[in-house]
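Here the structure is laid out as structure tokens; the discussion comes afterwards.
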2 protein chains.
Amino acid sequence: MEKKSIYSDRQIKLARFAKALSNPVRIYILELLSKQSCCYSGDLTDVLPIAKSTLSQHLKELKDAGLIQGEIEAPKIKYCINKENWEFARIQFKELFN
Amino acid sequence: MEKKSIYSDRQIKLARFAKALSNPVRIYILELLSKQSCCYSGDLTDVLPIAKSTLSQHLKELKDAGLIQGEIEAPKIKYCINKENWEFARIQFKELFN
DNA sequence: AGTATTGTTCGTAAATTTACGAACTGAAAT
DNA sequence: ATTTCAGTTCGTAAATTTACGAACAATACT
């Protein structure tokens, strides 16, 4: 039996997107990706003052939230905004703020 | 000596706002407040499936992030959106998503 | 003065987040 | 074949988040 939450699916998704945005490292990455089309995580390693394993965690967080996607260009990985979900998130935040 | 972060003040503030939005309880509260002008926390206690101490923590989180403000109407407290910061947050999110 | 109402604070517990370095994996280059 | 490069996974530690109930504080009501 499924216990239904008082929170709508939409509210839960919005909170999930917000969580992905709740860290300056991830804001930095997303702003970079939304300004230029894509980047390699090596670019990020060079500029961000965190260990590569930590960066990997942050990228995974953004990927799991659906905001970015990675494409293998061996031996590197090219990261881009996931446009569909990015647009969806944009609308969710827009509606929250009216 | 102040160690300067590679993250801008704006990026840190945006992450801070996102953190405040990163929980379904707080999304619920903010949507309620942005739809109707204000509410009493008793209204929230009635509808939210959490302990009053937990609700108090969430309201404090929203207050500390600057998104809401409380006004004493003894013995209750009337909560409203903090319009100035709400507008500021709106702009920050809007700019993030272009 | 005493009681009820409203909300905060305290102490605590479990889960999650953020961070690191070391070890590992897979593909490319030598 | 082995070395190099790019990135992930693992183990771990510290801090933060979320949650609860009990106790407390402040005000209103009787």
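First the proteins, then the strands, lettered A, B, ... as listed; each starts at 1. As the structure is a computational prediction, the values presented were derived from the model and not from experiment.
Counting only heavy atoms from C-beta on, A:Lys19 has its side chain closest to C:dT17 among C:dT17, C:dA23, D:dA19. Comparing C:dA23, C:dT18, D:dG21 by their closest approach to the side chain of A:Lys52 singles out C:dA23.
Interatomic distance, A:Leu30 CG to A:His58 NE2, rounded to the nearest 0.5 Å: 11.5 Å. In this structure, SG on A:Cys39 lies 9.5 Å from CD1 on A:Ile81, to the nearest 0.5 angstrom.
At a threshold of 4.0 Å, the pair B:Arg90-B:Glu87 counts as salt-bridged, since one of the basic side-chain nitrogens sits closer than that to a carboxylate oxygen. Between A:Glu61 and A:Arg16, at least one side-chain N (NZ, or NE/NH1/NH2) sits under 4.0 Å from a carboxylate O, which counts as a salt bridge.
Taking atom CG on B:Leu48 and atom C1' on C:dG7, their separation rounds to 15 Å, with Å as the unit. Whole-Å rounding puts the A:Ile50 CD1 to C:dG21 C1' distance at 14 Å.
A search for salt bridge (charged side-chain N to carboxylate O under 4.0 Å, His left out) contacts involving B:Arg26 returns nothing, not counting sequence neighbours. Annotation: ring-ring contact (aromatic ring centres under 6.0 Å, His included) contacts of A:Tyr40 (sequence neighbours excluded): none.
Note on B:Ser41: a side-chain N or O is less than 4.0 Å away from OP1 or OP2 of C:dG7.
Looking at residues 54-78 of chain A, you'll see A:Thr54, A:Gln57, A:His58, A:Ala74 sit with a heavy atom under 4.0 Å from some atom of DNA chain C.
Nearest-nucleotide positions on DNA chain C place B:Tyr40 closer to the 5' end than the other of A:Asn23 and B:Tyr40.
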